[in-house]
Number of protein chains: 2
Amino acid sequence: MVAIRLDEIDRKILAELQADGRMTNVELAKRVGISAPPCLRRVRTLEESGLIRGYHADVNSRELGFEVQVFAMVGLESQAESELNAFEERCREWPLVRECHMLNGEVDFILKCVAPDLSSFQQFLTGELLTTPNVASVKTSLVIRGAKDEPGVPFDVLEERMSRTA
Amino acid sequence: MVAIRLDEIDRKILAELQADGRMTNVELAKRVGISAPPCLRRVRTLEESGLIRGYHADVNSRELGFEVQVFAMVGLESQAESELNAFEERCREWPLVRECHMLNGEVDFILKCVAPDLSSFQQFLTGELLTTPNVASVKTSLVIRGAKDEPGVPFDVLEERMSRTA
DNA sequence: AACCGATGCGCAATTATCTTTCGCATCAGC
DNA sequence: GCTGATGCGAAAGATAATTGCGCATCGGTT
C-alpha cells in the first residue's frame with residue numbers, strides 16, 4: 001500500500017464512485033472530464049493502491065428481514081493486547097456483529113449488530129457475547145430509528161481542506 | 001415499496017452484489033446459475049423495489065486523510081417529536097456526521113463521525129454540536145482502532161432462517 | 001383432465017461498454 | 001535544449017448489456 005498522490009481528478013473519481021459504484025467507466029470519464037482509457041487506468045490504480053477497498057450493493061436490511069439493529073458497549077476484564085485481539089477475533093466470527101471498534105474511555109469496544117428480531121438478538125447476547133471469557137460488562141441500546149446513514153466520507157470537506165492547503 | 005417475494009436466486013444475487021457491487025451481469029448470472037437476461041431483470045427489480053438502495057465504492061477513509069473516527073452519544077433536553085426531528089435534520093446537514101441513530105435508553109442519539117484530525121473534530125464538537133439548541137449532553141469516544149467493519153447484512157444467517165421456515 | 005393466463009427462462013441479435021494498443025503532448029530534471 | 005517519465009486521446013477488437021421472442025412450467029379454472 002504505497003502512498004499515492006491524488007490530484008483533483010482522482011478525488012472526483014473517488015467521490016463519484018462512492019456515490020454510485022456501478023457507474024460505467026464512460027460515464028465516470030465524462031463526469032470527471034477525461035476520456036475513458038485514462039479514467040479506467042486511474043480507477044485501477046486507486047483499487048490497487050487500496051484507496052478503493054471494494055464495491056458493495058447497499059441492501060435494505062430491514063426489508064430483507066433484519067428488523068433489529070443494536071449498539072453494544074463492551075467492557076473487558078483485562079485490556080492486555082492478547083485479550084483485546086482475542087475479543088476482536090471473536091467479533092469477526094460472529095455474523096450478527098457487523099462492526100467492532102475499539103474505543104478510548106470507560107468502554108473498551110462498541111459493536112454494531114443486526115438481527116432478524118429481538119429474540120434472536122437476545123439469544124446472541126446471552127448465549128454468545130455475555131458468555132465470552134473476559135467480557136466484564138455489556139450495555140446494549142436498540143436503534144429506534146435511523147436518521148442518517150451515509151456510507152464513506154464527505155468529499156466536500158476534503159476539497160475544502162485541499163484548497164486551503166494549496 | 002411493494003413487498004417482494006424473494007427466492008433463493010434473488011438472495012444469492014443480493015449476497016453477491018453486496019460482496020462485489022461491480023461484478024458484471026454475466027459473472028453474476030454464472031454465479032447464481034441462470035443466464036444473463038433474466039439475471040439482469042431480477043437485479044433491476046431488486047433495485048426498483050428498494051431492496052437494493054444503491055452501490056458504493058468503499059473508500060479507505062484513513063488513507064484519504066480522515067484520520068479520526070468518533071462515536072458521540074447525544075442526550076437532548078426535550079424529546080418531543082418536533083425536537084427529535086429538528087436534531088436529526090441538523091445531523092443530516094453536518095458532513096462530518098456520517099451516521100445518526102436514535103436509541104432507547106439513557107442516551108437519545110448515537111452519532112458516528114469522521115474528521116481529518118482531532119482539532120477539526122474538536123472544532124465541530126465545540127462550535128457546532130455543543131452549541132446546538134436542545135442538546136443537553138454529549139459524550140464522545142475516539143476510535144482507537146477498527147477491528148471489523150463489514151457492510152450490509154449476514155446472508156448466511158438469513159439462509160439459515162429460511163431453511164428452518166421452509 | 002384439459003385449458004389458459006401469468007411468470008420466468010434461454011437463445012439470438014443489436015447496441016453499448018470495456019480494454020488494449022499506439023502515437024503525441026507536456027513537464028521536470030539535467 | 002535534450003531526455004525520460006507521465007498521462008492524454010483516438011481507434012479497434014473483445015466483452016458485456018439490453019431487447020425481442022419463443023418455449024416451458026406452474027396454478028387456478030372450467
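Throughout, protein chains are lettered first and strands after them, A, B, ... in sequence-line order, and every chain is numbered starting at 1.
Between B:Trp94 and B:Phe87, the two ring planes are perpendicular [angle over 60°; tilted spans 30° to 60°]. Between B:Phe71 and A:Phe71, the ring-plane angle classifies as perpendicular under the 30° and 60° cut-offs.
Taking OG from A:Ser61 and CD from B:Gln18, the interatomic distance works out to 9.5 Å, rounded to the nearest 0.5 Å.
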Protein-nucleotides 16-23 of chain C N/O pairs closer than 3.5 Å?
{"from": "C:dC18", "atom 1": "OP1", "to": "A:Asn25", "atom 2": "N", "distance (Å)": "2.6"}
{"from": "C:dC18", "atom 1": "OP2", "to": "A:Asn25", "atom 2": "N", "distance (Å)": "3.1"}
{"from": "C:dC18", "atom 1": "OP2", "to": "A:Val26", "atom 2": "N", "distance (Å)": "2.9"}
{"from": "C:dT19", "atom 1": "OP2", "to": "A:Arg44", "atom 2": "NH2", "distance (Å)": "2.7"}

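A side-chain donor-acceptor contact under 3.5 Å links A:Glu47 and A:Tyr55. For the residue pair B:Asn85/B:Ser82, the side-chain donor-acceptor check at 3.5 Å is not satisfied.
In the displayed structure, B:Glu106 atom CD is contacted under 6.0 Å by at most 12 heavy atoms of other residues, nucleotides or ligands.
To the nearest angstrom, P of D:dG7 lies 7 Å from CZ of A:Arg42. Taking atom CG of A:Asp7 as the reference point, atom P of C:dT26 lies 18 Å away to the nearest angstrom. Residue A:Ile13 contributes atom CD1, which lies 12 Å from atom P of D:dG7 at whole-angstrom precision.
A salt bridge links A:Glu81 with B:Arg145: at least one charged nitrogen is closer than 4.0 Å to a carboxylate oxygen. For the pair A:Asp7 and A:Arg42, the salt-bridge criterion is met [side-chain N within less than 4.0 Å of a carboxylate O].
For the helix from C:dA1-D:dT30 to C:dC30-D:dG1, the end axes, each set by the C1' atoms of five terminal pairs, are bent relative to each other by 30° (nearest 10°).
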